[in-house]
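Inspection log for the structure reproduced underneath, given as structure tokens.
Keep in mind it's a predicted model, so treat the numbers as computed, not measured. Keep in mind that the numbers below use all heavy atoms, side chains included, and drop hydrogens, waters and symmetry copies. Numbering starts at 1 and runs along the sequence shown.
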Amino acid sequence: MTFALIIYKMKNNRTFLALVLLAFLASNYGNSQEKENLIKPNVIIFYADDLGWQDVELNDLDEPCAWDTPNIKALAKDAINFTNGYSPAPTCAPSRSALLSGLHPAKTGITNVSGGGIPKAQRSEKYMSPYFPEGLMPENFTIAEALKMNGYRTGHVGKWHAGALQIQKSTNQGFDFAHESRGAHQGPKGAKNRLNAFATHDKNDAYRLSKEKYFPFTKESPNGISYPTDAVTENALKFIENNKEEPFFLYLAHWMVHYPIHSKNRELLDYYCDKLGVELPEADTEWTKEGQNNPYFGAMVTTLDWSLGRVVDLLKKTDDPRNPGKKLYETTYIIFSSDNGGAETRRAEVMSDNAPLDKGKKYSEEGGIRVPMLISGPNIPKGETKDVLINQLDYYPTVLSLTNSKIPAKYSSDLDGLDISGVLLKNEKEVLNKDGKPREDLWWHYPYGGETKNQSAIRSGDYKLYKNFITGNYVLHRLYKDGKRLDLEEKFDIAKQEPEITKALAEKLEKYLKDYDAKLPYKEPSKFKNDKDVTAIPVIVNDTFDAASRKVAIQLEKENSNVVESYALVKISDKAKARKKGKKSKVKSTYIRIPVDAGKNNLEYTFTVPKEAIEYGIILIDENRFMVKSEFHKVK
């Protein structure tokens, strides 16, 4: 049995959990009594998808944002706006897994989307990506589990994208309630397209337009317009209403503004066409006008903003039963942000524009990782702006602090973010680490794609340094000077002009990569046929499996390059469900990594295939960064 499955069974054993909780709470009884009058606040994390730093009316630089976000602007008046707020990764799944687990993507290995597969190189690339898991496994202790341990009701609404197996589901990762449909983000199907799939007032319409009217208020609609029914928003409101008697944690991970780019709201789409001075084409073609000019995208941003407004309005009008005389809005911390920087284009479709930030989603440049970030709630100053470095990894330890929640030391000591409650509540100028020293830097790891993407990055003060894994080169930019914008566009590489800074940041970055055992891209032997080292790659001469012991033995040919890393991949899956109406149910599966034992001279390798595994193989990395894969065998 794998470690992940053992932990899963332990976590789902009520007796075991009860004993752990009793022991843990008893050990912290004295500490908890110090704040016996504390009424635990509620916590909402409103997490947008692919919403760029310049896609909201918060951080306008050079040109005002074209999209209307009145509810985000209103929340900012009651919040701190962190202008140097960052996501943990430039793509979705690693950021979500990092936020939920409190662990850096390099630590969990979840550094990209669509993981859990056998590594391979794309057609146009000479390097293959390292193996990375599909999502969180039961041994990861999520923020939902932490708060649930401390008496919170926990709810997840919207996009999960942190694992598809049953053991990885949100309800097996600490959430009491989950609703994960796309809601109004569901794209047109069949003969419908984004020009003929608009919501109506028909009572049988699944996306029936609201009777209530909302922004925008125009000459044609002075009282506002209707919005399509959105199951994501409605279920978030339902969770709040049903759980207000207890402290609650809501992770509202909206599907918008991710592709597909469309809107079911014809009135809102027409509003943006008028505002932008554009016309919708007669046929549903990709929008190719550059800049912030796509009316479909604008409608999605404002719909996302409307969803936030619905949540805030409910909090403002609802009495907090645990705090007589106060509304839920007064006793709830709201964290608003996005999973990564804005996605500017997809194929020929132009969605938005991150300028002046460079690049966007899937890139470690500022456009791919700098995100809008607001935090509001009890005792947090209103309407302030701070430029201190903040990472979404900070949410986990900060929420623990804000809610006076305690978790076992083995989990709290492993968290990679920092508690920023001092900045939020005490007007501290800098985020302090566990030693009381100011935070110096943040770093990112994205070893995927071609030469322009495949890199790690570190931000330290005014400077940002990149290491490219294809060329091995370092690039240095100075974003700010004396608190003022200098090269936010990242146009000028000053690595040669500033050799000492380059060296210092490179050493820091290399240490992070080593300490976190960050996985790198590897050479695909078939694409390096002219490389002299390819002739010496490890060769597997014997590959046996003993069915009785389930032990695999691998033997290599002598006198080839040295193996510096080895591991096995085994495939596990959910159990097949009963067939319905003659249709086969889709069974989710994924490859997980397990260790192997290296024998004498690194020529012999053994490992035991877990009993639940249905396939296995071994991965070998040699001293020249070539990856060698064994044949993958199905377990009979």
Verdict with reasoning, Thr331 to Asn42, per side chain to side chain contact (heavy atoms under 4.5 Å, CB included): CA-CA 6 Å; Thr331 59; Asn42 307 305; 3.8 Å; yes
query: Is any side-chain heavy atom of Tyr333 less than 4.5 Å from a side-chain heavy atom of Val399?
result: no
- request: Please tell me if the side chains of Leu476 and Lys464 come closer than 4.5 Å, counting only heavy atoms from C-beta onward.
  value: no
- prompt: What pair of heavy atoms forms the shortest contact from Gln455 to Asn468, and how long is it?
  reply: CB-CA, 4.0 Å
task: Please answer whether the main-chain N or O of Ala184 pairs with a side-chain N or O of Asp230 as donor and acceptor at a distance below 3.5 Å.
output: yes
message: side chain to side chain donor-acceptor pair (under 3.5 Å), that's the test. Do Gln292 and Glu344 meet it? Break it down for me.
response: CA-CA 9 Å; Gln292 289 186 330; Glu344 295 183 311; over 6 Å; no
Student check: side-chain heavy atoms of Leu374 and Ile334 closer than 4.5 Å: no
query: Does the pair Leu418 and Tyr396 meet the rule for a side chain to side chain contact (heavy atoms under 4.5 Å, CB included), with working shown?
result: CA-CA 8 Å; Leu418 299 178; Tyr396 196 141; over 6 Å; no
message: Test side chain to side chain contact (heavy atoms under 4.5 Å, CB included) on Phe46 and Ser307; report intermediate values, then the result.
response: CA-CA 10 Å; Phe46 192 109; Ser307 179; 3.9 Å; yes
message: Strictly distance-based, threshold 3.5 Å: is any side-chain N or O of Asn340 a donor or acceptor partner for the main-chain N or O of Cys92?
response: yes
field: Asn293 (side chain) donor-acceptor with Glu290 (main chain) under 3.5 angstrom
entry: yes
task: May I have the step-by-step check of side chain to side chain contact (heavy atoms under 4.5 Å, CB included) for Gln168 and Glu134, ending in yes or no?
output: CA-CA 10 Å; Gln168 297 175 299; Glu134 181 186 18; 3.8 Å; yes
query: Is any NZ, NE, NH1 or NH2 atom of the basic residue among Lys382 and Glu384 found under 4.0 Å from an Asp or Glu carboxylate oxygen of the other?
result: no
message: Any carboxylate oxygen within less than 4.0 angstrom of a Lys/Arg side-chain nitrogen, looking at Asp68 and Lys275?
response: yes
message: Determine whether a donor-acceptor pair (N or O, by modelled atom type, separation under 3.5 Å) exists between the side chain of Ser221 and the backbone of Thr218.
response: no
task: Evaluate whether atom CD of Glu330 has more than 12 neighbouring non-hydrogen atoms of other residues, nucleotides or ligands under 6.0 angstrom away.
output: yes
task: Could you tell me whether the side chain of Asn140 and the main chain of Leu136 form a donor-acceptor pair under 3.5 Å?
output: no
- prompt: Counting N and O atoms only, with roles assigned by atom type, does the side chain of Asp394 sit under 3.5 Å from a partner on the main chain of Ile420, one being a donor and the other an acceptor?
  reply: no
- prompt: Is the side chain of Asp416 donor-acceptor paired with the backbone N or O of His104 at a distance under 3.5 Å, no angle test?
  reply: yes
message: Any carboxylate oxygen within less than 4.0 angstrom of a Lys/Arg side-chain nitrogen, looking at Lys244 and Asp320?
response: no
message: Determine whether the aromatic ring centres of residues Phe297 and Trp287 are separated by less than 6.0 angstrom.
response: no
task: Please list, chain by chain and in numerical order, all residues satisfying side chain to side chain contact (heavy atoms under 4.5 Å, CB included) with Pro133, sequence neighbours excluded.
output: Ile110, Tyr131
- request: Would you indicate whether the side-chain heavy atoms of Val371 and Leu51 approach each other to under 4.5 Å?
  value: no
query: Does Asn379 CG have over 12 foreign heavy atoms under 6.0 Å away?
result: no
- request: Could you list the residues that satisfy side chain to side chain contact (heavy atoms under 4.5 Å, CB included) with Glu125, not counting sequence neighbours?
  value: Gln122
- request: From the options Asp50, Asp49, Asp55, Asp339, select the one residue that forms a salt bridge (charged side-chain N to carboxylate O under 4.0 Å, His left out) with Lys361.
  value: Asp50
- prompt: Is the backbone N or O of Thr69 less than 3.5 Å from a side-chain atom of Glu57, with the two atoms forming a donor-acceptor pair by type?
  reply: yes
Side chains of Tyr86 and Arg459, donor plus acceptor under 3.5 Å: yes
- request: Sequence neighbours left out, what pairs pass side chain to side chain donor-acceptor pair (under 3.5 Å) with at least one residue falling in residues 477-491?
  value: Asp62-Arg485, Arg370-Tyr480, Asp462-Arg478, Tyr463-Arg478, Tyr466-Glu490, Arg485-Glu489
- request: Could you check if a side-chain atom of Ile44 sits within less than 4.5 angstrom of a side-chain atom of Ile335, using non-hydrogen atoms only?
  value: no
Ring-ring centroid check Phe132 Tyr448, cutoff 6.0 Å: yes
field: Arg194 side chain near Ile261 side chain, heavy-atom distance below 4.5 Å
entry: yes
field: Side chain proximity check, His185 to Val232, heavy atoms < 4.5 angstrom
entry: no
message: side chain to side chain donor-acceptor pair (under 3.5 Å) for Tyr152 and Asn243? Distances and angles first, verdict last.
response: CA-CA 9 Å; Tyr152 277 75; Asn243 293 278; over 6 Å; no
query: What closest approach, in Å, do Leu99 and Ile143 show between heavy atoms, and which atom pair accounts for it?
result: O-CG2, 4.4 Å
task: Check Asn196 against Ala191 and note the closest heavy-atom contact, atom names and distance.
output: ND2-O, 3.8 Å
- request: Could you verify whether a donor N or O on one side chain and an acceptor N or O on the other, from Ser226 and Lys213, lie under 3.5 Å apart?
  value: yes
field: Set of residues satisfying side chain to side chain contact (heavy atoms under 4.5 Å, CB included) with respect to Ser460, sequence neighbours excluded
entry: Asp441, Leu505, Lys508
message: Holding to side chain to side chain contact (heavy atoms under 4.5 Å, CB included), I want the full list of residues that pass it with Thr345, two or more places apart in sequence or in another chain.
response: Val350
message: Quick check with a 6.0 Å cut-off and a 45 degree axis cone: is Lys386 positioned over the face of Phe82's six-membered ring?
response: no
- prompt: Got Ile375 and Ile380 here, is their nearest side-chain heavy-atom distance under 4.5 Å?
  reply: yes
query: Short question: side chain of Thr91, backbone of Asn112 - any donor-acceptor pair under 3.5 Å?
result: no
query: Which pair of non-hydrogen atoms, one from Ser210 and one from His201, has the smallest distance, and what is that distance?
result: O-CE1, 3.7 Å
statement: Nearest heavy-atom approach of Asn391 to Pro88 is OD1-CG, 3.7 Å
message: Checking side-chain polar atoms at under 3.5 Å, does Ser456 have a donor or acceptor matched by the opposite partner on His445?
response: yes
message: Under a 3.5 Å cutoff, is there a donor and acceptor pairing between the side chains of Asn59 and Asn81?
response: yes
- prompt: Are the side chain of Asp176 and the backbone N or O of Arg153 linked by a donor-acceptor pair below 3.5 Å?
  reply: no
message: For Val423 versus Ile80, what's the shortest heavy-atom pair and its separation?
response: O-CD1, 4.2 Å
task: Using the ring of Phe198 (Phe, Tyr or Trp, six-membered ring only), decide whether Lys264 places NZ or CZ under 6.0 Å from its centre and within 45 degrees of its axis.
output: no
- request: Look at the aromatic rings of Tyr214 and Trp306 and report parallel, tilted or perpendicular, splitting at 30° and 60°.
  value: perpendicular
- request: Taking atom types as modelled, find out whether Tyr47 and Gln392 have a side-chain donor-acceptor pair closer than 3.5 angstrom.
  value: yes
message: If only side-chain N and O atoms count, and only distance matters, is there a donor-acceptor pair under 3.5 Å linking Thr154 with His156?
response: no
message: Is it the case that the side chains of Asp387 and Asn84 hold a donor-acceptor pair, with the cut-off being a distance below 3.5 Å and no angle test?
response: no
query: Has Lys327 got more than 12 heavy atoms of other residues, nucleotides or ligands less than 6.0 Å from its NZ?
result: yes
- request: Can you run down the ring-ring contact (aromatic ring centres under 6.0 Å, His included) pairs that involve residues 263-286, sequence neighbours left out, and say none if there aren't any?
  value: Trp67-Tyr272
